[in-house]
Amino acid sequence: MRNILAITLAGVFALASVATNAAESLSHADLLKKVRDKERIQEQVNEQRVQQFRSQRNRQQQLLADAKARLAAEEAKSERLKAQFDENEKQLTQIAEDLRIKQGNLGELFGVVRQAANSMTGDIGTSLVSAQYPGRQGLLNTLTEADALPKMEQLRAFWVLMLQEMSEQGETTTFTADVVNEGGRSEQQTVTRVGTFNLVSSGEYLFFDKGVIKTLQVQPDSRVLNQVEEFQSTNSGYAGLFLDPSKGAILQLEKQKMSLIDRLWEFSGFAGKTVMVLLVIGLLIALERIFTLYFVTGPKVQSQKKSSTPGNNPLGRIMKVYQANRNEDVENLELKLDEAVLKETPKIERGINLIKVIAALGPLLGLLGTVVGMIEVFQSITLYGTGDPKTMADGISQALVTTVWGLLAAIPLTFLHAVVAGKSKSIIHVLEEQSTGLMAQHEESNG
């Protein structure tokens, strides 16, 4: 009410101000009338505001009362629900206990089935029988992931699956399936399954990986593949076949297996490569000596023995010396012929001693590589211990491979040296024999 009076007084003062300003144009009676009119209008406005305020205050009190009533109702409902929840918990506990009692051994059966299905999932997924009968893992996944007791149909299907896996392990069957070749393309082929050991097709071994039959990138040796062809071509009786008892793991290792040539080159080291170079040099010298002594000098010397006309060969050149000095005395002629033989000997024996030296250096360099490889092995043992053999494999391989290279160089070069040296000695023996014969002929002619 004080606010209303303040507003009214402010309006009166404002009207008085206006009236003072307009005093010159209005009379006192008119001014009083206007002031009273304004005051009456303001009182009406103020009354409306008071009524509106009172109505809103009553509404707020009603809303507060309604909210308190709803709160009380919700609290009562919460108490009822809590009591009902506690009662349901007791009932569920009792029902679960009753279920456990009624299940009896079925609970243990459920655990055994889940455990057996879980253990067979990996075996069935990698089994070669699944290559012929795909989609067998669906039942196992259902039994493994189930939260309830399995149905009788599922148990019967699981039993049949186990019987099938056991019976198919001793069977050899042929079926048609999609095979992914080395290029990644799939094509249908006739596949023969030998128990749970091998898959073969078109004379080659296959492998089963993640539900897909694939061609083995690196096939075994030819003697093994020949058995596959013979096995597939046999229609009755028995045929031999190499089996992989690891169910494909050994065949998978074939693609990591290095050939002998690759291994000799990969782990040869500096010493091994040096032996290779010396081996090539020794072989070239030996081949040149063999060609010269067996196909050039040797046949010419043998032909010269049957002819009295000197030719362009070692024996012919000795005969030329004899004919040029046939008038000399025996001592001088002997010296001349010996000199001619000695002059021809280095040409015949050229490179033979080098072959011998290379044949002797090969094992020595191989021994050097062996020692270096063993040093690396002991260094690996010092750093990493003996727990992982792979850390020592490089050093051991280098030690063994360099030894092999030394033997590969020594064995053929020793044999070739013996062959070449024997042929050169036989040619020199012929020269000495012929020169001695010429001396005897000269003595007889002079005697």
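The structure displayed is predicted, hence computed values, not measured ones. Only this structure's heavy atoms are used, side chains among them; waters, hydrogens and symmetry mates stay out.
No side-chain donor-acceptor contact under 3.5 Å links Ser127 and Thr196. In the model, Thr436 has no side-chain atom that pairs as donor or acceptor with a side-chain atom of Glu432 under 3.5 Å. Side-chain atoms of Gln189 and Thr176 form no donor-acceptor pair, as typed in the model, at a separation below 3.5 Å.
In this structure, Glu288 pairs ionically with Arg350, as a charged nitrogen and a carboxylate oxygen lie closer than 4.0 Å. Under 4.0 Å is where a charged nitrogen must lie from a carboxylate oxygen, and between Glu328 and Lys336 no such pair does. Between Glu168 and Arg193 there is a salt bridge, since at least one side-chain N of the basic residue sits less than 4.0 Å from a carboxylate O of the acidic one.
Using a 4.5 Å heavy-atom threshold, the side chains of Leu416 and Leu283 count as touching.
Atom-to-atom distance recorded for Leu431:CG and Thr345:OG1 is 7.0 Å, nearest 0.5 angstrom. Here the NZ atom belonging to Lys423 is positioned 12.0 Å from the OG1 atom belonging to Thr292, to the nearest 0.5 angstrom.
Counting heavy-atom neighbours within 6.0 Å of Lys425 NZ, excluding the residue itself, gives a total of 12 or less.
Checked by atom type and distance alone, the side chain of Arg289 never pairs as donor or acceptor with a backbone atom of Val420 at under 3.5 Å.
Contact record, Leu413 with Ile358: CD1-CG2, 3.3 Å, taken as the closest heavy-atom pair.
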